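One structure is given below, encoded as C-alpha cells.
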Protein chains: 2
Amino acid sequence: MKKPAQTSATTTDILMVSDATLRGFVGYHMKRAFNVVQADLVRTLQPFELRMLTYSALVLIVDNPGLRQSQLADAMDIERPNLVVILDELEGRELVSRDRVPTDRRAYALTATPAGQLLCKRAVAAVEAHERALLSGLDDATRATLVAALSKIEKSGKSRA
Amino acid sequence: MKKPAQTSATTTDILMVSDATLRGFVGYHMKRAFNVVQADLVRTLQPFELRMLTYSALVLIVDNPGLRQSQLADAMDIERPNLVVILDELEGRELVSRDRVPTDRRAYALTATPAGQLLCKRAVAAVEAHERALLSGLDDATRATLVAALSKIEKSGKSRA
DNA sequence: TATTAATAGTTATTTCACATAACCATTAAG
DNA sequence: CTTAATGGTTATGTGAAATAACTATTAATA
C-alpha cells in the first residue's frame with residue numbers, strides 16, 4: 001500500500017486555516033468579494049492611469065458639469081482636503097478644469113475637458129466590460145437581488161451616520 | 001402669490017449630484033454598502049480596543065490555535081510584514097502568545113491566552129448583534145442570496161489572481 | 001454699517017491598511 | 001557542504017481616509 005504521497009515531510013502540518021467564525025458575518029463576505037472587485041478595477045483602470053478615486057471623481061464631474069468641490073466631496077463621501085490632490089491630478093492632466101464661479105468667488109465650478117470626457121467614456125466602457133466578466137456567474141435575478149440588498153444596507157447606514 | 005420660499009438666495013443651485021453612471025456598477029454598490037458595514041464594525045470594536053485587523057487576527061488565532069504567522073498572513077490576505085505589528089499589539093496586550101515551535105525553530109505557534117479568548121468571544125457576540133441590527137431589513141432568503149453571490153464573486157477572483 | 005459667523009478651498013499632518021525590499025536565523029535540497 | 005528556500009523581522013513607501021488650522025470670500029447680526 002502506497003503511503004499517500006507523504007504529504008508533509010516537513011512538520012508543517014498543512015492544516016487548512018479555518019475562518020468559520022468570520023464566515024458567519026456578511027461583512028466578511030463583503031470585504032472578500034469587494035477585494036476581488038477592487039483588484040480587478042485597479043487593473044482595469046491602470047491603462048488609463050486612473051485610480052479608483054480619480055476615476056469616480058472624473059465620472060461624477062462628467063455627469064454633473066459645473067458642480068463645486070464641496071458637492072463632489074460630499075457625493076464621494078470624502079473630506080474636502082482629500083479631494084484637492086485628486087483634482088490637482090486631474091487638472092494637471094487637463095482632464096478637468098476648475099473655473100471660478102462669478103457669483104461666488106470662493107467656489108470653483110468643475111467641468112471635464114473634451115479629453116476628460118473621452119477618457120471617461122473609454123474607462124467606463126472598460127470597467128463595464130470587466131465587471132460583466134467578473135459577474136458572469138450570476139444570473140440577472142441574482143444580480144438584481146444583490147444590488148437591492150446592498151442598497152438597503154447602504155441606506156440603513158445613512159440613518160445612524 | 002408667494003414666491004416658493006426663495007429656495008436659494010445664493011446662486012448655489014442645490015442641484016442634486018447624480019451618480020447614475022456609477023450606480024450602474026455593482027462594485028460601486030458594494031463599496032458603498034461595505035463602507036456602512038465597516039463603519040459600524042469599527043464603532044462596535046472600539047470598546048474592545050480592537051481594529052478590524054486585530055479583531056480578525058484574534059478570531060482566526062482562537063479558531064486555529066497553534067497556527068504560524070505565515071499561515072495567518074495567508075488567511076488574512078495580507079503580507080507577513082504587516083502581520084508583525086498586529087501581533088505585536090495583540091501580544092503586548094497579552095491576548096495572544098508567540099511560542100517557539102520546537103520542531104522548527106524559525107516559526108512561532110500562535111495561541112490565544114484565556115484573556116484573548118474571552119475578549120474574542122465578547123467581541124464576536126457584539127459584532128453579531130450589530131450585524132443583525134444592520135441587516136434587519138433583509139429577510140433570510142435575501143441574506144442567503146447575498147452571501148452566495150458574494151462568495152461566487154470572491155471565488156471568481158481566486159482563479160485570475 | 002461694522003463686526004461676527006459661516007463657507008469654499010487649501011495646506012500640513014496623522015492614521016490605517018496594505019505592499020516591497022532587504023535582512024537574519026534556520027531548515028531543506030543539491 | 002554549499003546553496004535554496006522558509007519564517008519572521010525591520011525599514012520604507014503608497015493610497016485612502018481623517019483632523020486642524022489657515023486664507024479668501026460671502027452671509028448674518030447687532
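None of the values given here were measured: they were computed from a predicted structure. The sequence lines fix the lettering, A, B, ..., with proteins before strands; numbering per chain opens at 1.
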Original post:
Base, sugar-phosphate, or nothing: which does A:E79 touch, judged by heavy atoms less than 4.0 Å apart?
Top reply: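 It contacts base atoms.
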
Subject >> B:L83 CG to C:dT20 C1', straight-line distance once rounded to whole Å >> reply: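 Going from CG in B:L83 over to C1' in C:dT20 covers 16 Å.
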
Original post:
Want to settle it: does A:Q38 or B:R98 sit nearer the 5' end of DNA chain D, counting the closest nucleotide to each?
Top reply: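 Residue closer to the 5' terminus by nearest nucleotide: B:R98.
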
Subject >> Under 4.0 angstrom between A:S70 side-chain N/O and C:dG9 OP1 or OP2 >> reply: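 Yes.
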
Original post:
Would you say C:dC18 has OP1 or OP2 under 4.0 Å from some side-chain N or O of A:K31?
Top reply: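 Yes, such a contact exists.
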
Closest to side chain of [X], choosing from [options]:
X	options	answer
A:L53	D:dG7, D:dT9, D:dA17	D:dA17
A:R51	D:dA16, D:dG8, C:dA8	D:dA16
B:R105	C:dA8, C:dT10, C:dT27	C:dT27

Mark yes when over 12 heavy atoms from residues, nucleotides or ligands other than [X] sit less than 6.0 Å from its [atom1]; otherwise mark no.
X	atom1	result
B:R143	CZ	yes
A:E128	CD	yes
B:R100	CZ	yes

**OP:** Mind telling me if D:dA21 is syn or anti? Syn here is a glycosidic angle within 90° of 0.
**Re:**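 This nucleotide is in anti.
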
Subject >> D:dA4 pairs with, by Watson-Crick or G-U criteria that keep both distances under 3.5 Å >> reply: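 Per the H-bond distance test, none.
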
